[in-house]
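Notes follow once the structure below has been shown.
Convention: sequence-line order gives letters A, B, ...; per-chain numbering from 1.
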Amino acid sequence: MSVYNSNPAVTRKGSNVQKVPGGKLGEGFLEPQGKGLIKPPDQVELSEAELQEEITRILTTNNPHAPKNIVRFSFKERVYKSCVVDQMAVLFEMEGSLVHEDSDEGRRLRARGSLCEELAAGGIETEPDEEKSEATVTTTEDGGEVEEAGEDDRPDSVASKIDRKEPKQTNQFNFSERSSQTLNNPLRDRSCQTEPPPRCTFSATANQWEIYDAYVEELQQQEKSQSDDSKLRKAAKILERMVHQNIFDDIAQDFKYFEDPSDEFRDPEGTLLPLWRFQYEKAKRLSVTALCWNGKYQDLFAVGMGSFDFSKQGAGMLLVYTLKNSWFPEHIYPTTSGVMCLDIHKQRSYLVAVGFHNGSVAVYNLKREGTEPVHQSTAKTGQHTDPVWQVRWQQDDMDNNHNFFSVSADGRVVSWTLVKNELVFTDIIRLSVNGTVPEDQEQSPQVSVACGTALDFHKQTDYLFLVGTEEGRIHKCSKTYSSQFLETYDAHRMSVHAVKWNHFHSKVFISCSSDYTVKIWDHTISNPMFTFDLNAAVGDVSWSPYSSTVFAAVTTDGRVHVFDLTVNKYEAICQQAVVTKKAKPTRIEFNPIHPIIIVGDNRGYVTSLKLSPNLRKKPKAKKGQEVPEGPEVEVAKMEKLLSLLREPEQNTS
Amino acid sequence: MAGTGEGKKEEDYKRLHSFPLIRHTDMPEEMRVETMELCVTACEKFATNNESAAKMIKESMDKKFGSSWHVVIGEGFGFEVTHEVKNLLYMFFGGSLAVCVWKCS
């Protein structure tokens, strides 16, 4: 007979010893089949005596299946030692969702009072398993109270004493309300079939002549579309000009015909009439640093965009505008360094020489496609080390090579010659502060250089030229003497911005400076003939092309001053603000033919203005007398003025 | 084409005909550009080995647009293929190569 009983109810009785008669295992288990004994066929037949014999059966706490011979090596004592074997065998275990009402937990919960009651009512229903087991227990064993000692071993198991009126104590860690549980959606299968992706067949033959033909055809088509493009561009250009002409019809009429009638009553003062305003979106932040009219096409002018501010240097731009279209430039050349000066060749008006802030000079050809210059100086080919302040084209030399001069803040005056694909340089003069020119180029570098800022060549005498410097001096130099100046004028107290020879009188030149003054000189006399104080730094000055005594200057307070010395030797006959409040005008140029001027400012705008009749008045003709005209008259006019000034001087000296 | 001398003509031809020229395609714009660039890259990388170039194109296309792409590269061949619609590109490149890429699974 087996000693170990597998019935959990019995096992849990622990160390209790039971005396069981015969094969009976326990009253409760035999009861359902109590009436008639069913004998298995192979049951051993026992005699009465044998049946009456008492066999003592002992329930032990030892697990018969537990191994008894387990040993472990103890490293401490260096021997094998038997170890303790766990005798407990768990046959069934279920975590309850209720708490025993006599346990600590249950008592605590009950103490909390009636709050749990409602919950417990739901709790009974949610644990069908518990109910069932309890039900079986209550049915098998009579009486409302069931005494099951085995239940005591497990504190969290189902409560043994159940009073149906009492609410059950729920285990907070393993309990969920039925009302809080949602219904799971039932799963369903669906299936369908799609069309296979559509297919089609393709066939071709690839060989060398097929490939060649395809390429040739493609290139021809490309060429065709390109020519279409250029045709379209031309048409678009014409149309743009037409639209421009229609929109700015009143300005065009003013440009051609309007003569301010109020001038008659204002005599001798005149006014400036603003015409078109030129601006290019991409050059908006740049300042106008140079202006130059084209000699051949009177409506065309070039604008150099850059910056005068040393700390704001960046890319620049060379733009070429026409008066026929103020919206968009005819040519656009973006440059890596700011443009500081430019000059258009007198005869070959498509050649534009440009000086940059980084010291290089370049020549652009307006006829060429692309935005690259045709010639550019590099560090190897004698480029300046400081901003180039002025470039001037010269007559072609004896070999018919084009050449131009440049002056830079590094004190060098350099002649550049365009020889085939190269730009060949020749140093003409080096400027220095103490007024003398270093003998040779290898001289000690201690000699501080004077920064050249302006340059102009004499209109008739080919070799004669003037250089203005940052120190305020103006030097008269000759191309043939590189060792000394012909003359030095202590002209200004601050940087000279422009020097320009008079268009008619060969001895006269004009200069302007930041020291608020404009001075007119006879180059044979070291003192200025006229001095005008304009109450603001003068950015640029320009002689008019139609009269020897008319010139215009721009000042940083935003005004243009136009003087006519024959009318008034002391004051401007027109002072007019021409740019918006914040902008400062930087450059001014007279159109060689039409009575207009262009003014560039530091906001990138170029404004064109028409001179009113008073500003370009001819001397009054006496009755019956023919009005004399021509350059001789202009020279005489200037000479008359100068002689008035010279004579008293000579008298005093 | 321009150029009188034989040598100049040859050079001109090489220079002018180096761009990729799509002969036939039904791919959408984005896919076409991507595929064309891939073909150009592969042909330039393996200028002398069409097999490697084709392998590179096929593997990249399989990765990008799903499997079962087929690639043929050569100077002369005739073919008839069945392909999935919007998944075919037939182009010339470098003046002498033809590349056909199609998908059929």
Side-chain angles (χ1 to χ4, degrees), chain A residues 189-236 331-334 350 364-376 419-422, chain B residues 1-3 9-28 31 36 39 43 50 54 65-105:
Chain A
D189 286 340
R190 274 279 160 81
S191 61
C192 66
Q193 193 177 355
T194 57
E195 290 277 319
R199 295 179 175 197
C200 62
T201 55
F202 170 67
S203 59
T205 311
N207 48 38
Q208 289 308 295
W209 51 95
E210 290 260 354
I211 294 173
Y212 181 85
D213 286 353
Y215 270 106
V216 168
E217 198 183 322
E218 175 72 17
L219 285 171
Q220 272 170 354
Q221 246 171 20
Q222 274 181 11
E223 243 165 61
K224 214 180 192 180
S225 65
Q226 260 177 15
S227 60
D228 285 355
D229 191 43
S230 65
K231 249 186 236 165
L232 183 74
R233 198 175 298 170
K234 199 178 172 189
H331 301 274
I332 301 162
Y333 300 95
Y350 50 87
Y364 285 89
N365 188 340
L366 302 186
K367 284 180 172 176
R368 288 264 189 99
E369 293 272 327
T371 58
E372 291 303 308
V374 284
H375 298 281
Q376 178 144 28
V419 183
K420 287 186 179 172
N421 296 325
E422 289 182 285
Chain B
M1 306 302 319
K9 207 168 187 176
E10 177 79 6
E11 193 182 277
D12 234 27
Y13 169 75
K14 277 259 170 71
R15 185 174 54 82
L16 286 170
H17 292 184
S18 59
F19 62 93
L21 172 63
I22 291 179
R23 198 75 181 124
H24 177 90
T25 185
D26 55 357
M27 287 180 178
M31 190 180 183
M36 191 185 81
C39 291
C43 290
N50 288 345
F65 301 108
S67 73
S68 291
W69 282 85
H70 311 268
V71 180
V72 179
I73 299 179
E75 298 197 347
F77 54 89
F79 60 92
E80 162 135 353
V81 297
T82 300
H83 65 94
E84 284 179 19
V85 173
K86 295 197 181 292
N87 284 298
L88 172 85
L89 180 106
Y90 177 46
M91 61 177 264
F92 297 152
F93 176 68
S96 62
L97 274 184
V99 183
C100 186
V101 184
W102 75 97
K103 180 181 178 170
C104 182
S105 44

Item to check | Short side-chain to backbone donor-acceptor contact, A/Gln208 and B/Ser96, under 3.5 Å | outcome: yes
Item to check | Nearest-0.5 Å distance that lies between atom CD1 in A/Ile211 and atom CZ in B/Arg23 | outcome: 10.0 Å
Checklist outcome for this item: Output for pair (B/Thr82 OG1, A/Phe202 CZ), nearest 0.5 Å, gives 12.0 Å
Item to check | Segment of B/Leu88 engaging chain A (4.5 angstrom heavy-atom cut-off) | outcome: side chain
Checklist entry - What part of B/Phe19 lies closer than 4.5 angstrom to a heavy atom of chain A: side chain, backbone, both or neither? => result both
Next on the checklist: Looking at A/Glu422, I want to see if its CD is surrounded by more than 12 non-hydrogen atoms of other residues, nucleotides or ligands under 6.0 Å.
Outcome noted: no
Checklist entry - Do the ring planes of B/Phe92 and A/Tyr215 sit parallel (below 30°), tilted (30 to 60°) or perpendicular (above 60°)? => result tilted
Checklist entry - Is there side-chain contact between B/Glu84 and A/Pro198, with at least one heavy-atom pair below 4.5 Å? => result no
Next on the checklist: Heavy-atom pairs under 4.5 Å with chain B - which of A/Ala204, A/Pro197, A/Ala214, A/Ser203 has more of them than the others?
Outcome noted: A/Ala204
Item to check | Choice from B/His83, B/Glu80, B/Lys86 maximising heavy atom contacts with chain A below 4.5 Å | outcome: B/His83
